[in-house]
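Encoded as structure tokens, the structure appears first; notes follow it.
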Amino acid sequence: MTQTNTPHRGLAFYLLAAFFGLFVVFLYGPMLMIFILSFQGPTGGLTFPMHGVSFHWFGDLWSSSRYGDLGGAFRRSLVLGGLSLVITAVVCLFAGLAFRHRFWGAGPIFYLAIVSLVVPGILLGLGISQLFQLLGIQLSWWLSGLGAHLSWTLPFGLLIMFAVLNRFDGSWEEAARDAGASAWQVLSYVTVPILFPGLIAVALFGFTLSYDEMPRSLLTVGGNNTLPIEISNMTTNVTTPALYAIGTVTSAVSFLVIAAAFVAIAIVQKRRARAQKG
Amino acid sequence: MNDQSRIDIRKVSKLYGPVRAVNSVDLTIEGGAYCCMIGPSGCGKTTLLRMIAGHETPSSGTILIGGEDVTRARTGSRGTALMFQNYALFPHLNLTENVAFSLKVRGVSTAERRDKAREMLDRVQLLHLAERVPSELSGGQQQRVALARALITNPKVLLLDEPLSALDEFLRLKMRVELKRLQSELGITFIHVTHTQPEAIALADQVVVMDHGVIDQAASPREVYNHPYSPYVARFMGGQNVLTGKVESVERGHTVVRSHDGTMHDLPTVEGAKPGDTVNFSVRRDRVDLSSDAEVMRNSIAGTVVNIEYQGTFVKVALDTGLREEFVAYLDVDKYFAAPREVGMKVRAAWDAKYNHILLGQNNSTGTPHED
């Protein structure tokens, strides 16, 4: 046996390739099935074969009242995701910057933040709903619900922020201060622009983690459901391909958000390229 | 000399917890001088530089620039500009914007700061790259941008933190010349932190040798090189052999010292020395001759040759004398090759008594010199 690269591939290669193929099938197969079945014809059912191809079940989603307040749930999830995005990005930026210094209590505060990643979401939701009842505040998706989501997105975003800051050289900020920049100018001219691509990643996680969060939402959103709860309810009482249609729509929204983020990064880079040209 | 850019450092200390990074330092740097701070890493030279720049606040003491107390003045408003060791160029800005940065934060109009920045880039011969970003430049070019960015505010004092350490040998020598030329053109004070001895000797009007947070010696390069204050300075600046002996007799204008092997050395008067006291002294390596005489002479040392290096303009011969440090002689090429030696030979290195230099300072740390 030689160590050189020979064109001959051993059995191990084919076994591992098959394993990887299975992995890909399990990962994307179900999603692809749902995607295809959502275009089921009007007379079709929840399973193959397809009875024609149509947008019938997408239309059914909006026109029928059988599915509850689906539009409202969708809108609420979008707003919640948006709020989580903004709050996560802003708080994690400043928290990440602060944690670069070993301030008093930094260790305990960090572990406190991480604990809420470890605690089961449903328990955390139960705790929040009990607290709100104890304080006599009504549960609502934009207050207790948002809080529950932030308990998930903030520590996650903070960990990503640490990774982003790992490649950030503090002497850039010192150089800016040396040039006479105020604290605000250092932040807006140097720190944020350099960190911007990383910040978009943090913001994206803030959105997607909130958008499909279920356990933490269940007991905290009060009377108005968010989309994941609504879809979960649908799986028990809806027996039409409309279920698949809503799955396709929500996936599309997630992909759109990610695409928007990529476009944002591309625009920033283009602007920098233009700045280079003068 | 201009008093505008004179620096007075008075009793400045910096504590990090229990560690004294800088310990009650007093130093005056004349306006328009080229000052090199030198010492091993952790000696406090960078901390001192950062306190002058305002990136650190002294725990005690005062710093004056041009007679004005700037101890607690804001960074960037005290007439200093710092060039960072890794240059710290802004990766998201092109060269023009990098150089114009300090004008931007001061609210100078776009057109004006652009013109000034381009003028500055022209001065460092980088105008043709004005629209590039730093990552597209070589190390030497990045350094010239950093220099342009620091100088655009017309600082009274330019602070350079190991400016040449990231460059290769060839560029280092080239930039060394450029720095010196720039400094004499601008006539402002340069403070240059380095750990490379030839760099300090070549550039500085004033060399400040530091160790463990204190200044061991601050003087002209010739003074520091020829008349080191302590064994540490002698070792760190290089080119010297450090010897130790006990005072044998004290005569008028003359002190006789007996070294470890019993050899007598004739030193100038050592203030307050009594017979039996320990005295450190040094002899320059290039003031030493080798002889094969076994006979014990005054002002000499016996040893075994352990290494011979031909250096082009001289021959470096290292002797094992039974002491911790090797004794080194730099010999004239012609003289040496008239009577070459071999490793393992027993020889005696001797020198004229007038080359014995007394080391008054007590700092006896090893100090590893860097030599080119």
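A note on names: the letters A, B, ... follow the listed sequences, proteins ahead of strands, and every chain is numbered from 1.
One N or O on the side chain of B:T75 and one on the backbone of B:G54 form a donor-acceptor pair closer than 3.5 Å. No donor-acceptor pair closer than 3.5 Å links the side chain of B:K14 to the backbone N or O of B:N23. Using modelled atom types, no side-chain atom of B:T47 and backbone atom of B:A21 make a donor-acceptor pair closer than 3.5 Å. A distance-only check finds no donor-acceptor pair linking the side chain of B:T96 to the backbone of B:A117 [under 3.5 Å]. The main-chain N or O of B:G32 is found under 3.5 Å from a side-chain atom of B:Q183 such that the two form a donor-acceptor pair.
With B:I152 as the fixed residue, the side chain to side chain contact (heavy atoms under 4.5 Å, CB included) test singles out one of B:R123, B:K116, B:E119: B:K116.
Within residues 152-177 of chain A, the residues having any heavy atom under 4.5 Å from a heavy atom of chain B are, by residue number, A:D169, A:S171, A:W172, A:E174, A:A175, A:A176, A:R177. Residues of residues 91-111 of chain A lying under 4.5 angstrom from chain B, judged on non-hydrogen atoms, do not exist here.
Residue pairs satisfying the ring-ring contact (aromatic ring centres under 6.0 Å, His included) criterion with at least one member in residues 136-164 of chain B, sequence neighbours excluded, are absent. Sequence neighbours left out, the pairs with a member in residues 151-164 of chain B that pass side chain to side chain donor-acceptor pair (under 3.5 Å) are B:E162-B:H195.
Using modelled atom types, one finds a donor on one side chain and an acceptor on the other under 3.5 Å when comparing B:T189 with B:S5.
Classification of the A:F74-A:Y211 ring pair by plane angle, with boundaries at 30° and 60°, yields perpendicular.
In this structure, no portion of B:R78 lies under 4.5 Å from any heavy atom of chain A. The part of B:L89 that comes within reach of chain A is its backbone (N, CA, C, O), which places non-hydrogen atoms under 4.5 angstrom from that chain. Looking at B:R50, the atoms closer than 4.5 Å to chain A (heavy atoms on both sides) all sit in the side chain, from C-beta outward.
Interatomic distance, CZ of B:R113 versus CZ of B:R106, reported as 12.5 Å (0.5 Å rounding).
The residue among B:A150, B:A146, B:P91 with the most heavy atom pairs within less than 4.5 Å of chain A is B:P91.
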